[in-house]
Q: 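My structure is below; once you've seen it, I'll send some questions.
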Amino acid sequence: MSPENHQHAPLHLADESDAAAALAEAESGQNRFDEIIAEDSRVEPRDWMPESYRKSLVRQVSQHAHSEIIGMQPEGNWISRAPSLKRKAILIAKVQDEAGHGLYLYSAAETLGRPREEMYDQLYSGKAKYSSIFNYPARTWADIGAIGWLVDGAAIVNQVPLCRASYGPYGRAMVRICKEESFHQRQGWEILYSLSHGTEAQHQMAQEAVNRFYGPALQMFGPPDGDSPNSQQSMAWKIKRFTNDELRQRFVDMLVPQVEALGLTLPDPELKWNEERGHYDFGDLDWDEFFAVIKGNGPLSRQRLEHYRKARDEGAWVREAATAYANRQSQDQAALIGA
Amino acid sequence: MSFASHDSATRQSQGEAITAEEIAASDAKADDATARYALLLGDDALILSQRLGAWVSRAPELEEDVALANIALDLLGHARFLLTYAGTAWGKSEDDLAYFRSEEEFRSCRLVEQENGDFGKTIARQLIFSFYQHELYSRLVNSTDTTLAAIAAKALKEVDYHQDHAAQWILRLGLGTEESARRVQAGLDSVWSYVEELFTDVEPITELGDIAVLPSSLREATLARLHQVIEQAGLSIPDMSGAHGADRSGRHSEQRGLILAEMQVLARQHPGATW
């Protein structure tokens with residue numbers, strides 16, 4: 001049943017007693033839902049859920065799916081030029097995984113009653129949001145390493161807690177996605193390690209990529225807790241488990257020993273171990289830039305969207321043909337059965 | 001420092017356990033003629049993989065992004081086996097051969113070099129090449145060269161899926177809408193004159209006896225299967241003879257140089273570097 005049906009069903013009921021029954025059902029549904037959340041169990045597609053919970057999940061899951069799809073572009077752009085056949089194979093496999101993640105996530109959102117086509121249309125029209133990191137260019141081969149290490153690394157820190165998200169299909173999709181993301185991160189780290197320990201030019205390429213991606217990667221956790229309107233409700237519903245700032249701190253703490261092992265540095269002069277807190281302190285991020293990119297003014301925001309639209313437009317005749325063929329096949333089968 | 005998993009995303013699929021690294025480390029060394037044959041087969045796979053890789057993020061549907069990437073990855077795997085094996089004859093690595101040979105030194109056929117065009121043209125090219133490759137590998141599994149036979153056995157399972165993918169799309173496009181039939185027919189017309197080159201007996205194949213499969217011996221069976229599926233899709237077999245210059249020399253192609261320019265650019269900017 002679609003969310004709209006859930007929401008509007010009472011309006012179409014014939015008489016007041018039916019309306020009262022629907023109200024009672026919603027009340028008992030709400031009670032059951034509250035129990036599920038309280039006992040840390042899973043909400044499943046057929047369970048009653050508050051409309052706002054459904055909406056919030058559709059927003060989060062579809063944004064995540066869109067991010068996977070747009071994320072294929074910066075990395076796909078290096079498949080043709082990957083500098084060794086082994087690296088090329090790893091990169092193709094990685095971008096293919098991202099398409100797969102998009103598929104799982106769109107499917108998870110479909111269990112909430114949102115058709116895939118509608119989500120595609122939202123991305124196409126520019127209404128849907130996706131992770132703004134993908135509006136930055138992947139200029140050099142080292143960027144493929146930095147994206148793997150930093151962007152996939154941030155994604156993992158964000159997503160591991162989502163494996164326990166209260167909505168079952170989302171949590172289960174995240175389990176598989178996290179496994180794949182973790183070898184993507186490892187592969188990114190290996191690319192940077194090879195470059196850092198290679199020629200002078202390679203080392204410099206690696207450092208520049210880390211310099212460019214570090215800030216935007218930290219911003220992947222979203223705005224500071226004070227400016228994050230959706231966070232609190234998502235935490236109450238146990239969709240999210242930690243705040244943006246908590247996750248960002250966890251990420252920075254994880255990066256410091258890794259960057260040392262790489263033989264590179266993080267571009268933050270204020271980065272320093274704080275004995276008292278037991279965490280690294282780090283400098284302020286450029287949130288003006290972050291909000292500008294979110295509003296569609298990232299360096300490649302328009303290019304990413306145009307690329308997506310072009311592929312959808314150029315593939316329209318193929319999808320029409322596949323639909324026409326499938327319809328014909330089922331008609332033929334029906335005719336056979338009828339005969 | 002820890003990562004959640006130590007698995008590899010590029011694990012080889014189940015079946016014959018064979019990897020480029022194992023071929024490089026094994027005692028089996030190709031002789032010069034066998035190596036040149038492996039190179040010719042590997043170049044076809046490499047160039048087609050390069051072409052298909054360009055579809056990623058541009059396919060008509062998300063499932064096709066996955067499928068075309070998967071086929072590109074399979075072909076790249078075949079190329080890595082074959083180039084690595086070829087390299088054993090000359091002390092060269094797969095990357096020496098992929099990135100540091102010039103246009104004239106590649107032996108790819110012109111079919112795989114053709115531009116992707118629209119999805120109809122790509123599927124037309126896939127159909128022809130996967131049917132040809134399936135026929136080829138089905139016989140190469142009996143090669144008296146055990147490395148080539150093992151590579152063919154592994155590749156055959158994957159090509160089986162490639163030809164199924166292409167054949168299903170030919171039917172969908174041929175019998176789908178008027179536009180799709182027109183486009184896929186245009187695709188077939190565009191690449192058909194390069195079919196004959198696949199069946200041309202070039203050197204060193206003619207010197208290799210039971211190590212190799214003679215291309216001309218694949219012609220009848222491959223064309224019969226192609227004709228069958230093309231007709232089943234309501235399309236017509238283009239009535240044209242083969243394009244002149246069917247010798248894989250690169251002297252009759254404009255595409256090869258452009259493909260290599262893009263593929264090799266970074267590796268050549270940093271000669272001697274490891275990645």
Side-chain angles (χ1 to χ4, degrees), chain A residues 69 72-73 76 79-90 92-97 99-100 102-103 106 141 156 160 178-180 182-187 189 191 194-195 198-199 201-202 254 257-258 261 307-308 310-312 314-326 328, chain B residues 1-10 20-21 46 49-50 53-54 56-66 69-70 72-73 76-77 79-80 83 94-95 98-99 118-120 169 171-177 179-181 183-184 259 262-267 269-270 272-275:
Chain A
I69 301 314
M72 292 167 69
Q73 291 182 32
I79 290 175
S80 64
R81 293 172 292 167
S84 78
L85 297 186
K86 186 178 172 188
R87 292 285 179 212
K88 191 194 285 282
I90 291 171
I92 296 174
K94 182 184 177 192
V95 183
Q96 187 190 19
D97 282 349
L103 277 173
Y106 282 127
W141 173 250
I156 292 167
V160 165
C178 283
K179 278 187 192 161
E180 295 181 346
S182 72
F183 41 74
H184 296 169
Q185 194 207 5
R186 190 181 178 80
Q187 288 157 353
W189 192 86
I191 288 176
S194 302
L195 294 174
T199 65
Q202 285 178 305
M254 187 185 99
Q258 292 186 359
H307 178 118
Y308 180 77
K310 189 164 183 275
R312 287 302 288 171
E314 289 178 353
W317 68 271
V318 178
R319 296 191 299 277
E320 281 160 22
T323 307
Y325 179 75
R328 182 174 308 181
Chain B
M1 178 175 46
S2 70
F3 291 94
S5 168
H6 293 269
D7 286 345
S8 161
T10 52
E21 289 76 7
L46 179 59
S49 170
Q50 183 75 4
V56 176
S57 82
R58 293 181 174 85
E61 191 55 282
L62 201 42
E63 283 83 349
E64 278 308 299
D65 278 307
V66 175
N70 204 44
L73 192 55
L76 182 55
R80 293 188 61 202
L83 265 55
E94 54 177 338
D95 289 336
Y99 292 94
D118 67 6
F119 189 72
W169 270 112
L171 293 176
R172 279 190 205 110
L173 299 180
L175 303 171
T177 63
E179 183 182 10
S180 67
R183 281 177 181 260
V184 73
I259 295 167
E262 188 175 2
M263 185 175 84
Q264 297 176 334
V265 61
L266 180 58
Q269 279 168 358
H270 301 268
T274 51
W275 301 92

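Here the structure is a predicted model, which is why all the values come from computation and not from measurement. Letters A, B, ... mirror the listed sequences (proteins, then strands); counts begin at 1.
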Q: About how many Å separate CG of B/Leu173 and CD of B/Glu179, when rounded to the nearest 0.5 Å?
A: 10.5 Å

Q: Can you name the closest pair of heavy atoms from A/Ala99 and B/Asp65 and give their distance?
A: CB-CB, 4.3 Å

Q: Sort A/Lys310 into side chain, backbone, both or neither according to what part of it lies under 4.5 angstrom from a heavy atom of chain B.
A: neither

Q: Against chain B, label A/Tyr308 side chain, backbone, both or neither, depending on which of its atoms sit under 4.5 Å from a heavy atom there.
A: neither

Q: Examine whether an atom of A/Leu195 lies under 4.5 Å from a heavy atom of chain B, and if so say whether it belongs to the side chain, the backbone or both; otherwise answer neither.
A: side chain

Q: Chain A heavy atoms under 4.5 Å from B/Val66: which part of the residue, side chain, backbone, both or neither?
A: both

Q: Give the member of B/Arg58, B/Gln264, B/Glu61, B/Arg183 that has the highest number of heavy-atom pairs under 4.5 Å with chain A.
A: B/Arg183

Q: Side chains of B/Glu262 and A/Ser80: do they bring a donor and an acceptor to under 3.5 Å?
A: yes

Q: Picking from B/Leu171, B/Asn70, B/Leu46, B/Leu62, which has the most non-hydrogen pairs under 4.5 angstrom with chain A?
A: B/Leu62

Q: Against the six-membered ring of A/Trp189, is A/Arg186 placed for a cation-pi contact (under 6.0 Å from the centre, within 45° of the normal)?
A: no

Q: So which part of B/Phe119 gets closer than 4.5 Å to some heavy atom of chain A, the side chain, the backbone, both or neither?
A: both

Q: A/Arg81 versus chain B, heavy atoms under 4.5 Å apart: side chain, backbone, both or neither?
A: both

Q: Relative to chain A, which segment of B/Gln50 carries a heavy atom at a distance below 4.5 Å: side chain, backbone, both, or neither?
A: side chain

Q: Given side chains that start at C-beta, do those of B/Val56 and A/Met72 come closer than 4.5 Å, heavy atoms only?
A: yes

Q: Heavy-atom cut-off 4.5 Å, strictly under: side chain, backbone, both or neither for B/Leu175 against chain A?
A: both

Q: If you look at every heavy atom in B/Pro60 and A/Gly315, which pair is closest and at what distance?
A: CB-CA, 3.6 Å

Q: With a 4.5 angstrom heavy-atom cut-off, is it the side chain or the backbone of B/Ile259 that approaches chain A, or both, or neither?
A: neither

Q: Mind ranking A/Gly100, A/Ala201, A/Gly102, A/Ala82 by heavy-atom pairs under 4.5 Å with chain B and telling me who comes out on top?
A: A/Ala82

Q: Identify which part of B/Ala98 has an atom lying under 4.5 Å from any heavy atom of chain A, answering side chain, backbone, both or neither.
A: side chain

Q: Can a side-chain donor-acceptor contact be found between B/Ser57 and A/His307 if the only test is distance below 3.5 angstrom?
A: yes

Q: Grab the two heavy atoms, one from B/Ser49 and one from B/Leu76, that are nearest each other, plus how far apart they are.
A: OG-CB, 3.5 Å

Q: Any side-chain heavy atom of A/Ile191 sitting closer than 4.5 Å to one from A/Trp141?
A: yes

